[in-house]
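Values below: every heavy atom of this structure, side chains too, minus hydrogens, waters and symmetry copies.
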Amino acid sequence: MKILMLNGINLNMFGKRDPKQYGTITLDEINARLGTLAQELGAEMEYFQTNSEGEMCERIHQGYQDGVDAVLINAGAWTHYSYGIRDALAILTCPIIELHMSNIHAREAFRHVSVFAEIAKGQICGFGVDSYLLALRAAVSSVSAAKAA
């Protein structure tokens, strides 16, 4: 089972950016934790981070071509306004799990809206690094259930 982890704009700055909201864990440390859990769950992870919206769309297109089994996405601020990324995600035929370290519904009003929500299998937010781990568990469960059906 191949799962693609997409991280968007400014998330390469985890560990430095607003530690009150995001803690001090770095993106590399998050990826390492995901990798450990993926191994336990029998999944293979691919990781991608970019600050370029076009590059994110291209990587989603590549995920479609590669036939990934699920996509986890923390698009950062793009979540709230990027119809380009939303349309790229809509091409996928696999489960999409949207995730956020902070609780976007308890923050500024503009963060309460996700343009991805209607095409995502689900959304996990507010649990810090555990949002990533919960999203991976949800993706593996969704893919396993679909294969069993």
| said: Under a 3.5 Å cutoff, is there a donor and acceptor pairing between the side chains of N51 and Q49? | reply: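 Yes, Q49 and N51 have a side-chain donor paired with an acceptor closer than 3.5 Å.
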To the nearest 0.5 Å, what is the distance between [atom1] ([X]) and [atom2] ([Y])?
X    : Y    : atom1 : atom2 : answer
D130 : M101 : CG    : CE    : 9.5 Å
T24  : R17  : OG1   : CZ    : 15.0 Å
C57  : L6   : SG    : CG    : 10.5 Å

Should [X] and [Y] be counted in the same cluster of Ile, Leu, Val, Met, Phe, Trp and Tyr side chains packed under 4.5 Å apart?
X    : Y    : result
V140 : V129 : yes
I85  : I91  : yes
I96  : M1   : no

| said: How about OH on Y83, more than 12 heavy atoms from neighbouring residues, nucleotides or ligands closer than 6.0 Å, or not? | reply: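 Not more than 12 within 6.0 Å, no.
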Side-chain atoms of residues 38-48: list all donor-acceptor pairs with protein atoms under 3.5 Å, sequence neighbours left out, distances to 0.1 Å.
unit_1 : atom_1 : unit_2 : atom_2 : d
E46    : OE1    : R59    : NH2    : 2.5
Y47    : OH     : N31    : O      : 3.1
Y47    : OH     : G35    : N      : 3.2

Check: residues 63-71 side-chain donor-acceptor pairs under 3.5 Å, at least two apart:
unit_1 : atom_1 : unit_2 : atom_2 : d
D66    : OD1    : Q62    : NE2    : 2.7
D69    : OD2    : K2     : N      : 2.7

| query | Ignoring hydrogens and geometry, is there a side-chain-to-backbone donor-acceptor pair from E55 to S52 under 3.5 Å? | reply |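 A pair under 3.5 Å: no.
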| message | Taking G76's backbone N and O only, do any of them form a donor-acceptor pair with T79's side chain (distance below 3.5 Å, no angle check)? | response |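 Pair found, side chain donor or acceptor close to backbone of G76.
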[X] and [Y]: which non-hydrogen atoms are nearest, and at how many Å?
X    : Y    : result
H100 : N74  : ND1-OD1, 3.6 Å
F14  : I30  : CD1-CD1, 3.7 Å
L37  : L133 : CD2-O, 3.6 Å
A138 : I97  : CB-CD1, 4.3 Å
L92  : I60  : CD2-O, 3.9 Å
W78  : I9   : CZ3-N, 3.6 Å

Answer whether the closest heavy-atom distance between the side chains of [X] and [Y] falls below 4.5 Å.
X    : Y   : result
L136 : M5  : no
L89  : I73 : yes
L72  : L4  : no

Using a 3.5 Å cut-off and no angle test, enumerate the donor-acceptor pairs between side-chain atoms of residues 112-125 and protein atoms at least two apart in sequence or in another chain.
unit_1 : atom_1 : unit_2 : atom_2 : d
H112   : NE2    : H105   : O      : 3.3
H112   : NE2    : R107   : O      : 2.7
H112   : NE2    : E108   : O      : 3.4
S114   : OG     : E98    : OE1    : 2.8
S114   : OG     : E98    : OE2    : 3.1
S114   : OG     : F116   : N      : 3.1
S114   : OG     : A117   : N      : 3.1
E118   : OE2    : R86    : NH2    : 2.7
Q123   : OE1    : H105   : NE2    : 2.9
Q123   : NE2    : E98    : OE2    : 2.9

